[in-house]
2 protein chains.
Amino acid sequence: MKKSPEEIQHQLSHFMDLLKRAGVKITYQRLEIFQEVAKSQDHPDAETIFKKVRARVPTISLDTVYRTLWLLLDYGLITTLGQPRERVRFDGNMISHHHFVCRKCGMARDFYSHEFDSLPANEEVKGLGTVESSHVEFRGLCSKCLQDSE
Amino acid sequence: MKKSPEEIQHQLSHFMDLLKRAGVKITYQRLEIFQEVAKSQDHPDAETIFKKVRARVPTISLDTVYRTLWLLLDYGLITTLGQPRERVRFDGNMISHHHFVCRKCGMARDFYSHEFDSLPANEEVKGLGTVESSHVEFRGLCSKCLQDSE
DNA sequence: GTTTATGCAAAACCTTTGCATTTTG
DNA sequence: CAAAATGCAAAGGTTTTGCATAAAC
């Protein structure tokens with residue numbers, strides 16, 4: 001589902017509004033980086049975004065890209081695949097299971113559900129390849145972070 | 001759901017069997033590392049596993065831990081949270097969506113489903129915290145990797 | 001005895017930080 | 001003009017690699 005130029009434009013206005021209200025400066029670099037991520041379809045890494053933006057802003061540096069991406073994340077304008085700023089974590093539980101992940105502290109706990117083990121894939125998904133398993137991730141706040149924020 | 005000592009023992013036999021058949025050497029270090037991950041409940045990182053194993057094998061080094069963990073992953077004896085050996089990836093799509101991920105090449109594609117946006121959490125999950133959203137990940141082989149393996 | 005794994009140290013890799021300069025509001 | 005952001009270079013943290021030694025088969 002590719003975004004229309006109008007939709008990108010609309011998101012861009014929202015982005016500028018949000019920064020303005022927060023007293024954060026709107027720079028040429030930030031606008032370009034935001035647009036690049038907003039129109040991306042393939043979950044790019046920082047380096048990829050850097051290269052694409054550099055084609056239009058030759059003086060941009062990689063650390064500005066990182067700083068901007070974390071800023072966008074803080075303002076809830078983008079998300080990451082998996083937990084950001086984390087090292088690899090290993091899982092010795094080979095029984096099919098699912099996760100509850102705390103969006104604040106990153107705590108991940110297993111739970112089990114036969115129903116979720118084999119959710120039905122629709123035609124759109126079947127067209128992408130062969131589906132072997134399904135995994136559910138519930139996101140929210142864990143009891144501990146809930147208490148801390150009260 | 002904590003594993004019983006018998007279950008760990010059973011998994012250990014399976015592990016040794018598999019390595020033997022593959023002509024891979026069974027070492028003290030590998031046995032200890034495997035057991036540590038097998039009994040873990042909290043998705044530890046390499047450093048954590050290293051520290052725990054070092055308590056029993058004082059001469060072990062961190063690079064052996066990494067080499068062994070990737071070995072275990074290759075043999076399908078453990079998994080990782082998120083994609084292994086990957087940098088952070090950003091997602092500019094803020095509409096609630098789900099993923100199909102290829103287990104071979106790591107390709108991740110979005111798809112949409114109102115049903116999956118709010119799957120019902122059971123009592124076990126509700127006890128962990130407040131659930132805000134649900135996300136489904138289908139895993140399998142993408143069309144491209146499927147072709148390559150034929 | 002031959003092959004493979006280990007431990008060490010050094011490298012590679014991705015991401016972050018300090019600081020002088022430039023840009024924004 | 002004051003405050004904040006950029007670009008540079010250097011540092012930080014995690015993961016990987018080359019190689020001599022040690023262990024497994």
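Protein chains get the first letters and strands the later ones, always in sequence-line order, with residue 1 at the start of each. Values in this document were obtained by computation on a predicted structure and should not be read as measured data.
- When each of dA5(D), dG7(C), dC25(D) is scored by its nearest atom to the side-chain atoms of Lys25(B), the top-ranked nucleotide is dC25(D).
- In this structure, CD1 of Ile49(B) is placed 14 Å from P of dT14(D), rounded to the nearest angstrom.
- When the nearest nucleotides of DNA chain D are assigned to Arg87(A) and Thr68(A) by heavy-atom distance, the more 5′-ward of the two goes with Thr68(A).
- At the phosphate of dG7(D), OP1 or OP2 sits under 4.0 Å from a side-chain N or O atom of Gln29(A).
- At least one donor-acceptor pair closer than 3.5 Å links the side chain of Thr68(B) to the backbone N or O of Thr64(B).
- For CZ of Arg30(B), the number of neighbouring non-hydrogen atoms (other residues, nucleotides, ligands) closer than 6.0 Å is greater than 12.
- Spacing between atom CG of Asp45(B) and atom P of dT14(D) amounts to 8 Å, rounded to whole angstrom units.
- Rounded to whole Å, atom P of dT17(C) lies 11 Å from atom CH2 of Trp70(A).
- At whole-Å resolution of the value, CZ in Arg85(B) and P in dC13(C) are 14 Å apart.
- Side-chain contact annotation: Asp117(B) with His97(B), donor-acceptor N/O pair under 3.5 Å absent.
- In this pair, His98(A) and His135(A) present their aromatic rings tilted. The plane angle is within the 30 to 60° band.
- Each of Val24(A) and Asp63(B) lies near DNA chain D, and the nucleotide nearest Val24(A) is the one positioned closer to the 5' end.
- Atoms CG (Leu19(A)) and C1' (dA4(D)) sit 13 Å apart, rounded to a whole Å.
- In this structure, Arg30(B) places its CZ atom 10 Å from C1' of dA24(D), rounding to the nearest Å.
- For Thr27(B), the side-chain atoms get nearest to dT6(C) when compared with the rest of dC14(C), dG18(C), dT6(C).
- Atom-to-atom, CD1 of Ile60(B) to C1' of dT21(D) comes out at 17 Å; the value is rounded to the nearest Å.
- Nucleic acid contact class of Ile26(B) (heavy atoms, under 4.0 Å, all strands): sugar-phosphate only.
- Here the C1' atom of nucleotide dG7(C) and the CZ atom of Phe50(B) are 10 Å apart, to the nearest Å.
- Put simply, Thr64(A) has a side-chain N or O that comes within less than 4.0 Å of OP1 or OP2 on dG7(D).
- The residue among Val88(B) and Arg67(B) whose nearest nucleotide of DNA chain C lies closer to the 5′ end is Arg67(B).
- Using a cutoff of 4.0 Å between basic side-chain nitrogens and carboxylate oxygens, Asp45(B) and Arg89(A) are not scored as salt-bridged.
- When heavy atoms are screened at a 4.0 angstrom cut-off, Glu47(A) is found touching no nucleic acid atom at all.
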